[in-house]
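Take a look at the structure below.
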Protein chains: 2
Amino acid sequence: MSKKPSIPKGTRDFNPEEVSRRNYIFNVIKETFSLYGFQPIETPSFENSETLMGKYGEEGDRLIFKILNSGDYLSKVDEKLYLEKDSNKITSTISEKALRYDLTVPFARYVVQHQNEITFPFKRYQIQPVWRADRPQKGRFREFFQCDADVVGSTSLWQEVEFVQLYDAVFSKLGLKGVTIKINNRKILSGIAETIGAEDKLIDFTVALDKLDKIGEEGVKKEMREKGISEDALQKLQPLFSFDGNNIEKINSLKGLLLSSQLGMHGVEELEFITNNIETLGLQTASMQIDVTLARGLNYYTGAIFEVSAPAEVNMGSIGGGGRYDDLTGIFGLKDMSGVGISFGLDRIYLVLEELNLFPKTVSENSKALFINFGEIEALYAMQAITKLRKIGIKAELYPDATKMGKQMGYADKRNIPFTILAGKKEMESQTYTLKNMKSGEQQEVSLAALQQVLKAEN
Amino acid sequence: MSKKPSIPKGTRDFNPEEVSRRNYIFNVIKETFSLYGFQPIETPSFENSETLMGKYGEEGDRLIFKILNSGDYLSKVDEKLYLEKDSNKITSTISEKALRYDLTVPFARYVVQHQNEITFPFKRYQIQPVWRADRPQKGRFREFFQCDADVVGSTSLWQEVEFVQLYDAVFSKLGLKGVTIKINNRKILSGIAETIGAEDKLIDFTVALDKLDKIGEEGVKKEMREKGISEDALQKLQPLFSFDGNNIEKINSLKGLLLSSQLGMHGVEELEFITNNIETLGLQTASMQIDVTLARGLNYYTGAIFEVSAPAEVNMGSIGGGGRYDDLTGIFGLKDMSGVGISFGLDRIYLVLEELNLFPKTVSENSKALFINFGEIEALYAMQAITKLRKIGIKAELYPDATKMGKQMGYADKRNIPFTILAGKKEMESQTYTLKNMKSGEQQEVSLAALQQVLKAEN
């Protein structure tokens with residue numbers, strides 16, 4: 001084989017630095033999930049196809065990766081079906097398993113399957129890869145990690161409050177100041193649609209409203225008119241176009257607007273509960289902002305809707321999102337299980353931290369010191385020191401071959417190892433080690449005890 | 001849907017306790033890999049089929065999970081081929097990708113693909129799931145994690161020495177004392193075959209020798225005779241059947257046996273280097289044992305062969321293994337890259353730690369304290385304390401609903417949360433919290449500062 005090997009499009013190799021940086025983000029998220037009482041579960045990478053199919057709409061079904069059955073899979077296709085040569089029809093006969101498309105459906109399946117072992121309300125987090133046969137493009141991959149936390153089994157709004165705090169805690173720990181946690185409520189959107197007499201046009205109406213940022217008031221009104229929303233209705237909507245002020249002012253405007261809609265007022269009360277309590281409890285570096293144009297996940301969210309935006313100076317869009325869904329497990333036959341959850345967008349958070357230079361220097365799992373190899377006897381002397389250093393948690397290694405010193409030094413340089421240690425005949429006689437700082441070039445001859453101290457201090 | 005959902009056979013859900021325990025093992029292994037200078041990489045879950053197919057033998061090809069192409073995949077199958085209805089022949093046309101079968105071939109692919117970015121010798125570790133369409137049985141799964149460390153680009157035997165130390169370090173940290181690191185060398189096996197004039201029967205010969213434990217000397221001889229190994233050869237083998245004593249004595253016996261085989265003597269010298277240096281450097285709780293019957297991975301190992309056995313009191317067999325392979329990357333066109341690596345068997349290590357009760361109690365990511373919910377105002381008072389506790393790293397949570405106290409207490413019990421905290425009107429007035437130890441039943445009314453101290457101490 002002479003062609004250089006490659007990987008499937010939309011997938012990625014991660015080198016040591018990338019893995020370390022990704023793990024840094026994962027660890028901050030995990031620790032915070034855990035601090036908030038969430039516990040980890042893991043589900044298999046592939047599920048029975050029937051668990052996944054039909055849960056994400058027609059487009060979703062198409063994007064699910066299917067696994068071919070093993071053995072002589074074609075022998076199970078009956079002759080008549082086979083001769084049709086219709087990929088769609090044959091798939092379910094030759095493929096029984098499919099790769100996880102998200103973490104929510106497997107979580108719902110887990111809850112129903114293990115309902116008798118679970119103590120509700122169940123607070124779980126899950127950080128695993130998912131796969132989508134999407135067209136790969138910048139920032140969109142066929143394999144990527146999702147980081148989800150959900151509570152299932154309680155309708156308490158304290159959970160929404162805690163999720164706002166959790167977002168703030170994670171981004172504060174990551175040093176990413178100034179994120180905006182946008183919040184809305186499905187009931188408010190429904191209430192507005194009801195108030196203006198456009199219940200049947202909820203999706204059209206919210207799709208248009210969602211573009212306020214991009215196309216402005218006139219653009220939105222134009223689109224709404226095209227979708228058949230009346231002038232009278234647009235009149236009633238007017239307050240939304242000048243929807244300014246702080247959260248409390250916004251809540252007051254909404255109360256005026258939604259007076260006649262019970263559902264809408266319900267949504268406003270929920271927002272108010274969350275807003276007031278967050279106000280009292282305080283956030284560290286993020287801010288929470290009511291945004292009635294926020295309309296993600298309208299096919300499943302029934303209450304709160306969250307979306308987190310990166311600070312304005314990076315052009316990244318959403319780095320997290322979530323919401324409340326009243327019937328998480330109904331698809332698997334377990335009714336009346338309200339769920340609420342959030343998700344972190346790992347890949348985008350990574351790009352933001354990179355752009356803003358926020359990764360700590362110590363993230364990399366690099367060795368502290370490389371011992372230069374001068375031959376078998378000297379190497380054993382080095383290995384004795386290395387063995388002791390490792391026992392006290394100092395990352396050290398021996399260059400495996402006794403090659404030219406320049407090559408060994410070059411290796412330390414390229415790997416960004418901060419210290420090299422030279423121990424030849426002279427050092428062996430005096431039971432010392434020559435420690436070289438690779439940045440300053442400075443050298444000192446020290447005892448093993450001193451070596452331990454210097455390297456420990458550098459940790 | 002009324003049927004309870006399930007997962008594909010051979011796969012597993014992991015509950016919070018299992019995930020925490022698995023992560024505990026992963027973390028010990030990762031930390032130790034890192035301490036020894038290994039750096040993490042990650043590769044995609046699926047590779048192009050051509051990367052994997054043909055690398056694991058015919059049986060391996062059969063066990064690789066193939067992913068069905070997206071869209072109208074049948075349209076690309078030409079009519080003649082289609083009418084043959086031969087699963088084997090059609091597979092490569094309707095499936096271009098396949099799930100990772102192990103971590104070694106993707107690593108080799110990675111090294112070749114990124115050879116210009118890599119500084120050699122390259123010490124990498126990789127901990128990721130692999131998939132095999134094997135018949136599931138006790139302890140054998142279709143999805144399981146592999147934990148591999150390999151060095152590529154150096155033939156230095158110091159690496160073998162370090163891998164022995166690394167095994168010892170990991171199992172010592174896990175508290176698993178008394179594991180045996182068995183070591184052999186492919187060259188010794190080849191040398192023995194050469195010495196007895198049975199070079200062409202290396203595999204038959206080693207397969208029989210490998211059974212010495214189970215079927216005894218006479219059984220092995222009988223099998224060797226059946227495979228056509230002469231009486232004269234068996235005579236020469238006699239020392240192997242009474243192959244006793246410590247490693248140094250074994251090396252001396254081997255030197256006698258292999259005197260006439262240059263290759264065999266080479267293998268003995270390698271073993272001697274490793275043995276002597278391990279002797280000098282010392283091991284913590286494991287022992288290293290030369291075992292000439294060890295014959296795993298003969299199709300690829302060319303030098304050292306490792307296998308780790310759990311302590312005799314648990315009947316588990318191998319919990320790790322590895323070896324040296326002289327031509328890791330040749331399959332992808334990069335010649336002369338010697339590699340050596342080891343692997344940890346996570347699932348078996350888990351079972352051993354469980355059986356010997358070696359998991360630390362603190363492994364679980366459980367909350368320290370549950371605040372009882374007495375209603376909206378009290379809950380806010382509780383949330384103020386919780387917010388502060390979390391800021392200093394104490395895992396605490398609020399029961400989300402103001403239901404009956406018995407139910408809330410029951411929840412703390414079932415989740416094994418060690419403390420509950422009651423804060424009602426009385427406590428709010430005195431700015432205190434009633435802390436209840438769920439084991440002893442003891443209660444005390446304390447300030448927030450005292451609460452922080454007590455819970456911090458329990459961490």
Side-chain angles (χ1 to χ4, degrees), chain A residues 1-2 4-5 7-8 11 13-16 19 34-35 37 39-46 48 51 65-68 70 72-74 85 87 95 97 109-110 112-113 119 121 133 143 154 156 158-159 277 280-281 332-333 365 367 379-380 383-384 387 390 395 397-398 400-401 411 414-415, chain B residues 1-2 4-5 7-8 11 13-16 19 34-35 37 39-46 48 51 65-68 70 72-74 85 87 95 97 109-110 112-113 119 121 133 143 154 156 158-159 277 280-281 332-333 365 367 379-380 383-384 387 390 395 397-398 400-401 411 414-415:
Chain A
M1 189 185 299
S2 61
K4 213 172 166 189
I7 52 177
T11 67
D13 281 329
F14 296 106
N15 69 28
V19 173
S34 177
L35 211 48
Q39 298 192 292
I41 69 161
E42 283 176 20
T43 62
S45 295
F46 46 72
N48 293 321
T51 300
F65 278 114
K66 286 109 190 156
I67 294 172
L68 202 51
S70 304
D72 185 11
Y73 52 89
L74 289 180
K85 208 181 174 186
S87 302
S95 160
K97 292 182 285 290
R109 192 267 309 146
Y110 179 98
V112 177
Q113 189 176 333
T119 312
E143 171 175 49
S154 162
S156 165
W158 284 110
Q159 299 170 140
N277 283 303
T280 308
L281 295 168
F332 297 114
E365 295 188 23
S367 289
L380 177 59
M383 279 300 294
Q384 289 174 305
T387 303
R390 286 174 179 163
K395 294 173 190 168
E397 52 183 300
L398 169 73
D401 301 287
Y411 178 82
K414 276 187 211 143
R415 284 231 1 235
Chain B
M1 190 185 299
S2 60
K4 214 173 167 187
I7 52 177
T11 67
D13 280 330
F14 296 107
N15 69 28
V19 173
S34 176
L35 210 48
Q39 297 191 294
I41 69 161
E42 283 176 19
T43 63
S45 296
F46 46 73
N48 292 322
T51 301
F65 278 114
K66 286 107 191 158
I67 294 172
L68 202 52
S70 303
D72 185 8
Y73 51 90
L74 289 180
K85 207 181 174 185
S87 302
S95 160
K97 292 181 285 289
R109 192 268 309 145
Y110 180 98
V112 177
Q113 190 176 333
T119 312
E143 172 175 49
S154 162
S156 164
W158 283 110
Q159 299 170 140
N277 283 303
T280 308
L281 295 168
F332 298 114
E365 295 189 22
S367 289
L380 178 57
M383 279 300 295
Q384 289 173 304
T387 302
R390 286 173 178 161
K395 295 171 188 166
E397 52 184 299
L398 170 73
D401 302 286
Y411 177 82
K414 276 187 212 142
R415 284 230 1 234

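Source: prediction; values computed, not measured. Lettering follows sequence order; numbering is per chain, from 1.
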- request: Pick whichever of B:T11, B:T280, B:T119, B:I67 has the most heavy-atom pairs under 4.5 Å with chain A.
  value: B:T119
- request: For chain B, find which of A:L68, A:T387, A:L398, A:L35 contributes the most heavy-atom pairs closer than 4.5 angstrom.
  value: A:L35
A:Q159 portion near chain B, given a 4.5 angstrom heavy-atom threshold: side chain
- prompt: Given that the side chain runs from C-beta out, which part of A:S45 has a heavy atom under 4.5 Å from chain B: side chain, backbone, both or neither?
  reply: both
- prompt: Any idea which of A:N15, A:I7, A:D72 has the most non-hydrogen atom pairs under 4.5 angstrom with chain B?
  reply: A:I7
- request: Report the residues that fulfil side chain to side chain contact (heavy atoms under 4.5 Å, CB included) with B:T43, sequence neighbours left out, ordered by chain and then residue number.
  value: A:D13, B:I41, B:E47, B:R100, B:P106, B:R109, B:Y110, B:Q126, B:Q128
Most chain B-contacting option - heavy-atom pairs closer than 4.5 Å, from A:F14, A:Y411, A:Y73: A:Y73
field: chain B contact via A:K97 - side chain, backbone, both or neither, heavy atoms under 4.5 Å
entry: side chain
- line: Looking only at A:S70, A:A133, A:S154, the option with the highest number of non-hydrogen pairs under 4.5 Å against chain B is A:S154
query: What heavy-atom pair brings B:S87 and A:L74 nearest, and what distance separates the two atoms?
result: OG-N, 3.0 Å
field: chain A interface, residue from B:Q113, B:K66, B:R390 that has the most non-hydrogen pairs under 4.5 Å
entry: B:R390
query: Given a strict heavy-atom distance threshold of 4.5 Å, which part of A:Q384 is in contact with chain B: side chain, backbone, both, or neither?
result: both
message: Going by salt bridge (Lys or Arg N to Asp or Glu O under 4.0 Å), name the residues that satisfy it together with A:K414, two or more places apart in sequence or in a different chain.
response: none
- prompt: When heavy-atom pairs shorter than 4.5 Å are enumerated against chain B, which of A:S95, A:S156, A:P44 gives the highest number?
  reply: A:P44
- prompt: Between A:W158 and B:L380, is any pair of side-chain heavy atoms under 4.5 Å apart?
  reply: yes
- request: Determine yes or no for a side-chain-to-main-chain donor-acceptor pair under 3.5 angstrom, with B:K395 supplying the side chain and A:G37 the backbone.
  value: no
Pick from A:E42, A:E397, A:R415 with the largest number of heavy-atom pairs that fall under 4.5 Å of chain B: A:E42
- request: Below 4.5 Å from any heavy atom of chain B, which atoms of A:S367 appear? Answer side chain, backbone, both or neither.
  value: side chain
